[in-house]
Each structure stands twice: as structure tokens, then as C-alpha cells.
There are 2 protein chains.
Amino acid sequence: MENKYLSIYNQISDQIKKGEMEPDTLLPSENELTTLYDTSRETIRKALNLLSQNGFIQKVRGKGSIVIDVNKFDFPVSGLVSFKELAQKIDNKVRTIVKEFSLVKPDEHVKQQLNLTSKDLVWKVVRVREISDEKIILDKDYLVKKYVPGLTEEICADSIYSYLENDLNLTISFAKKEIIVIEPTEEDRNLLDLEGFQNIVVIKNYVYFDDASLFQYTESRHRPDKFRFVDFARRNH
Amino acid sequence: MENKYLSIYNQISDQIKKGEMEPDTLLPSENELTTLYDTSRETIRKALNLLSQNGFIQKVRGKGSIVIDVNKFDFPVSGLVSFKELAQKIDNKVRTIVKEFSLVKPDEHVKQQLNLTSKDLVWKVVRVREISDEKIILDKDYLVKKYVPGLTEEICADSIYSYLENDLNLTISFAKKEIIVIEPTEEDRNLLDLEGFQNIVVIKNYVYFDDASLFQYTESRHRPDKFRFVDFARRNH
DNA sequence: AAGTGGTCTAGACCACCCT
DNA sequence: GGGTGGTCTAGACCACTTT
């Protein structure tokens with residue numbers, strides 16, 4: 001059984017997505033919603049806060065909650081998105097090629113990023129992502145072995161994320177992301193179809209488990225013309 | 001007088017920043033915190049949720065709230081950051097040059113982005129940002145005139161944001177952001193010190209007022225080597 | 001079994017917007 | 001003044017982790 005506030009969130013967000021709620025109009029007031037959904041006001045507010053955080057409504061003190069036109073833009077693809085999820089949205093001519101799958105001693109950079117001792121070993125996974133027959137993305141993953149001892153090359157060819165979440169039942173909770181643009185290395189030029197491009201976009205990801213242990217460092221290196229990042233920022237006053 | 005939950009949030013986040021809370025240890029439990037701060041549990045939870053959202057702690061059901069090592073990385077500069085704020089963080093050799101300040105009929109692209117009628121006029125502001133004597137950033141802003149009739153060139157040379165928020169008392173509430181990498185235009189080459197760079201990073205911003213009206217469209221065009229974007233993503237399950 | 005965080009309730013007071 | 005969302009409370013039950 002789903003949470004009450006999540007269920008309310010889903011019902012209202014569905015209505016907004018489908019256009020059943022007119023953009024720029026007001027939602028029923030919180031008091032009305034309590035009777036509509038037969039619940040308490042705090043529960044309604046939890047659902048509305050989620051809607052606001054995810055860009056469906058805008059709450060205004062003294063007035064009400066305004067429905068935002070979500071279909072005006074294509075929808076935010078913010079936060080953590082695995083390649084597999086992404087690929088399914090774009091089209092189906094996608095392929096993952098595992099270039100390297102090995103157990104290594106972390107070099108200084110990785111060791112520091114993952115906060116490891118010298119004894120810890122890490123999986124190093126290098127994968128090329130091909131979209132419509134072009135090699136667009138180079139993914140380099142470093143995963144702490146003690147957390148995922150049973151990783152295999154087959155899993156990497158599919159999706160590491162779904163293995164961690166569905167098979168191992170580990171939940172990935174949050175990540176720090178950094179985006180920079182640099183000149184491609186020899187390796188980038190060898191493995192990707194870079195054509196004449198002078199720059200690549202590097203997304204560095206620091207991935208944590210639910211219990212706040214940092215277990216994965218990922219570099220995703222994109223050909224610049226195919227890169228696109230969408231974010232829905234909210235301001236904390 | 002500050003909110004209770006905000007005040008608690010500030011006290012705890014300060015302690016974490018200063019290292020007075022040991023990273024990887026547990027915060028006092030929510031029940032203990034209610035007596036420590038003499039408040040109700042829901043108020044404590046509001047403060048803790050803020051801490052969690054901003055990457056200070058990680059909450060774990062059945063265990064407690066783990067303090068995250070925030071000093072391990074430089075701190076997230078996520079969300080909306082004005083050039084002025086940013087410049088103050090980096091160094092002081094920064095300058096803003098207003099290249100264009102005019103009232104124009106919006107072209108089709110801008111008109112569509114801002115959801116305007118043909119009668120609406122917009123301010124077009126083009127500014128070059130110079131850091132350490134290099135022209136690094138080209139900012140193009142389009143602001144709906146009816147919302148900010150009194151804009152002047154002097155204001156643009158300083159900070160449009162602080163004018164809107166401090167002088168006009170308008171609050172900018174949230175924005176959708178899109179980052180792409182493209183080839184520079186003639187204009188980019190003319191106005192920026194692009195040296196040999198073949199790409200520029202374009203950040204498109206859609207800025208809203210508190211009442212959910214979209215009033216500004218901004219393109220910030222950065223030389224790739226000086227661009228850096230940091231985000232602290234949380235996953236919604 | 002005891003302690004933790006997650007959800008939910010019913011009620012209160014406040015700041016703000018509109019008419 | 002009546003309606004709106006924002007904050008705060010005291011208490012309840014639940015799911016989960018640890019001992």
C-alpha cells in the first residue's frame with residue numbers, strides 16, 4: 001500500500017500532466033483538499049510540497065497554489081539518470097560496449113575520491129555508449145569491491161544501476177555532480193567518434209548508498225554536440 | 001524573528017560546517033533534539049529535512065541521522081547564482097561591460113519562450129563579463145518590460161538580480177535551467193576572448209516570479225575552460 | 001524489547017492577499 | 001474580514017535497526 005501523501009501527489013501530478021488541471025489556474029485550497037481526499041491538512045501539505053519541488057505547482061501565500069504549464073517545456077531529466085533509462089527515452093538504436101572490466105588497486109585520485117584505504121580494491125569499468133551507430137559517451141566507473149563483490153561483465157553490459165537496486169536491493173540515495181568541459185584525451189579520441197570536436201563534456205558523479213557510504217565514482221564523458229543537461233532549480237530563501 | 005525550524009537548521013548546519021559535529025557520526029535522535037531545542041518533533045523534522053536536502057546529513061530509518069563530511073568537496077554552488085555573487089567568491093578582478101541595452105519587439109524565439117503577445121515589449125540586455133582581464137562570459141537577458149519598467153543601463157552594469165529583489169522587492173522563485181555545448185557564433189567570437197576554443201557552453205535560464213509568472217529568459221554563454229557547474233542531486237523514490 | 005525515523009491527525013495561531 | 005498558505009504543537013501508530 002502506497003503512502004497517503006504520495007498517492008495524492010501522484011493523482012494530482014497525473015492530472016496536471018494530462019492537462020486536466022488548467023495551467024495558471026488555482027488548485028483547490030488546502031482546506032478543500034483535506035475534505036476531497038479525506039485526510040489532514042499536514043498530509044495535503046506534504047503532497048503539495050512535493051508537487052512544488054517537482055515543478056508542478058507554485059505556492060503563493062495568501063492566494064493559493066498555481067498550476068504550472070509543464071508541457072511547455074520537455075520535462076526535467078534532472079538528478080541521477082542511468083544511461084539505460086535515458087536511452088529508452090530517446091530511441092532504441094543504442095548499444096553498450098564494455099571496453100574494460102577489471103579489479104584494480106585504486107590510483108591516488110580515485111582512492112581519495114572514494115575515501116579508501118590502500119587495501120581496498122575497486123572494480124574499474126570502462127564502457128562506450130553507442131547511439132544510432134555513433135560512439136557518443138565514454139563511461140568510466142569505479143566501484144568499491146567490498147560493497148559489490150559479485151559484479152560481472154554481463155551486468156555491466158546491461159545496467160549496473162538496475163543490478164544494484166533490483167538484484168542486490170541496495171538503494172542509491174544521492175550524488176554530487178560536477179560538469180566541466182575539457183580537451184579530449186588520447187583515450188577519448190580512440191574510443192569515441194569525436195570527429196572534429198575539440199572539447200568533451202565531463203560529468204563527474206559521486207554516488208552514495210542509503211547509509212551515506214560513498215561507493216562509486218563515475219566519469220561520464222560526452223561528445224559536446226550530444227550533451228544536454230536539464231535542471232529544475234528551486235531557490236531557498 | 002526567525003522561524004524556529006530555520007534557526008535550528010542554521011545552528012546545526014553551522015556546527016557541521018565548523019567540524020564541531022564529527023563526520024560519519026550520528027546526530028542526537030529526533031526525540032533528544034526536541035528536548036534540546038525545546039520544541040515539537042515535527043519542527044525538528046522540518047529542520048532535519050532541510051539539512052538532508054542540502055547535503056549536511058543523511059537520514060537512515062531505524063538508525064539515525066548521519067553527519068556528512070561537507071568539507072571533503074568544495075561546497076555546492078547549485079541553483080540560481082548571479083554573476084555578482086559568483087564573482088565575489090572567486091576574486092575581485094571582475095568587470096561587467098554592457099554591450100547593448102534596448103527595448104525591442106521580441107523575436108519569435110523569445111516571444112515563445114516568455115509566452116508573450118505581440119504587443120509586449122522586452123528589454124534586451126547584452127553584457128560581457130570579464131574576469132582577470134579576460135572576457136569569459138556573454139550574458140544575454142530578455143526581461144518583460146511590464147514587470148520591470150524602470151530598468152536602466154546603470155542597473156545592468158551592477159546587478160539586475162539585486163535590483164529586482166532589493167529595490168523592487170520582487171522575489172525570484174525558481175528557474176528551469178538547460179546546459180548545452182555548441183559552436184560559437186560570430187557574436188561570441190567578437191565579444192569574448194575565445195582564443196582557439198571551438199565550443200562554448202550555453203546555459204539557458206527561465207526565471208519566474210513568486211507568483212509563477214515567467215518574466216525573464218537568459219542565455220549565459222561561457223568559454224568552456226572556465227565553466228564549472230556543481231549540483232547536489234537527491235533522488236526521489 | 002527498546003530506540004529510531006516515517007506517517008498521520010486535529011487543532012491552534014500567524015502573515016499575507018483580496019474585496 | 002474571510003480566505004489562503006506557513007508554522008507549530010502533542011500525541012498516536014508504524015516500519016525498521018540494533019541489542
Side-chain angles (χ1 to χ4, degrees), chain A residues 1-12 21 24-53 56-68 169-171 173-174 209-213 234-237, chain B residues 1-12 24-53 56-68 169-171 173-174 208-213 234-237:
Chain A
M1 179 47 187
E2 207 176 22
N3 287 340
K4 209 170 205 172
Y5 79 92
L6 263 183
S7 141
I8 297 171
Y9 165 79
N10 286 327
Q11 289 179 54
I12 298 181
M21 300 274 199
D24 298 326
T25 61
L26 292 176
L27 231 55
S29 77
E30 297 183 349
N31 272 319
E32 290 173 287
L33 289 171
T34 58
T35 60
L36 259 175
Y37 288 96
D38 188 32
T39 183
S40 72
R41 191 167 154 233
E42 285 292 348
T43 300
I44 291 293
R45 286 178 54 71
K46 237 171 166 176
L48 293 192
N49 283 334
L50 252 192
L51 287 167
S52 159
Q53 277 170 33
F56 288 101
I57 62 169
Q58 178 73 359
K59 309 184 86 184
V60 185
R61 196 209 218 83
K63 277 177 77 178
S65 296
I66 304 167
V67 177
I68 290 175
N169 244 334
L170 297 169
T171 42
S173 93
F174 62 100
F209 278 131
D210 244 8
D211 68 350
S213 58
R234 284 149 305 282
R235 186 153 196 172
N236 303 319
H237 282 283
Chain B
M1 178 50 184
E2 208 176 22
N3 287 340
K4 211 170 205 174
Y5 79 93
L6 263 183
S7 140
I8 297 171
Y9 165 80
N10 286 327
Q11 289 178 56
I12 299 181
D24 298 327
T25 62
L26 291 175
L27 233 55
S29 76
E30 297 183 348
N31 272 318
E32 289 174 287
L33 289 171
T34 57
T35 60
L36 260 174
Y37 289 96
D38 188 32
T39 183
S40 73
R41 191 167 154 233
E42 285 292 348
T43 301
I44 291 293
R45 285 178 54 71
K46 235 171 168 176
L48 294 193
N49 283 335
L50 251 192
L51 288 167
S52 160
Q53 276 170 31
F56 288 101
I57 62 170
Q58 177 75 359
K59 309 185 85 183
V60 185
R61 192 209 219 84
K63 278 175 79 176
S65 295
I66 304 166
V67 177
I68 291 176
N169 246 333
L170 297 169
T171 42
S173 93
F174 64 106
Y208 295 73
F209 279 131
D210 244 8
D211 67 350
S213 59
R234 283 149 307 282
R235 186 151 193 173
N236 303 319
H237 283 283

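Order of the sequence lines fixes the chain letters, A, B, ..., with proteins taken first and strands second; residue numbering starts at 1 for each chain.
A side chain to side chain contact (heavy atoms under 4.5 Å, CB included) with Ile57(B) is found for one member of Leu48(B), Asn49(B), Leu50(B) and no other, namely Leu48(B).
A straight line from CZ of Arg61(A) to P of dC18(C) spans 14 Å, rounded to a whole angstrom. Regarding Lys59(A), its NZ atom lies at a distance of 14 Å from the C1' atom of dC16(C), rounded to whole Å.
Val67(B) places a side-chain heavy atom less than 4.5 Å from the side chain of Leu27(B). With a 4.5 Å cut-off on side-chain heavy atoms, Ile68(B) and Phe56(B) do not count as touching. The shortest side-chain heavy-atom distance between Ile12(A) and Met21(A) falls under the 4.5 Å cut-off. In this structure, the side chains of Tyr5(A) and Arg45(A) stay at 4.5 Å or more apart for every pair of heavy atoms.
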**OP:** Using the side chain to side chain contact (heavy atoms under 4.5 Å, CB included) rule, take Lys46(B) and Lys4(B) through it: C-alpha gap first, then chi angles, then the decisive distance, then the call.
**Re:** CA-CA 10 Å; Lys46(B) 235 171 168 176; Lys4(B) 211 170 205 174; over 6 Å; no

Subject >> Ile44(B) and Thr39(B): CA distance, side-chain angles, deciding distance, side chain to side chain contact (heavy atoms under 4.5 Å, CB included) verdict >> reply: CA-CA 7 Å; Ile44(B) 291 293; Thr39(B) 183; 3.7 Å; yes

Original post:
Could you walk me through whether Glu30(A) and Thr34(A) pass the side-chain hydrogen bond (donor to acceptor under 3.5 Å, both in side chains) check?
Top reply: CA-CA 6 Å; Glu30(A) 297 183 349; Thr34(A) 58; over 6 Å; no

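Taking a 4.0 Å limit (strictly below) on heavy-atom distances, residues 33-46 of chain A reaches DNA chain C at Thr39(A), Ser40(A), Arg41(A), Glu42(A), Thr43(A), Lys46(A).
When DNA chain D is scanned in the 5' to 3' direction for atoms under 4.0 Å from non-hydrogen atoms of chain A, the outermost contacting nucleotides are dG3(D) to dC8(D).
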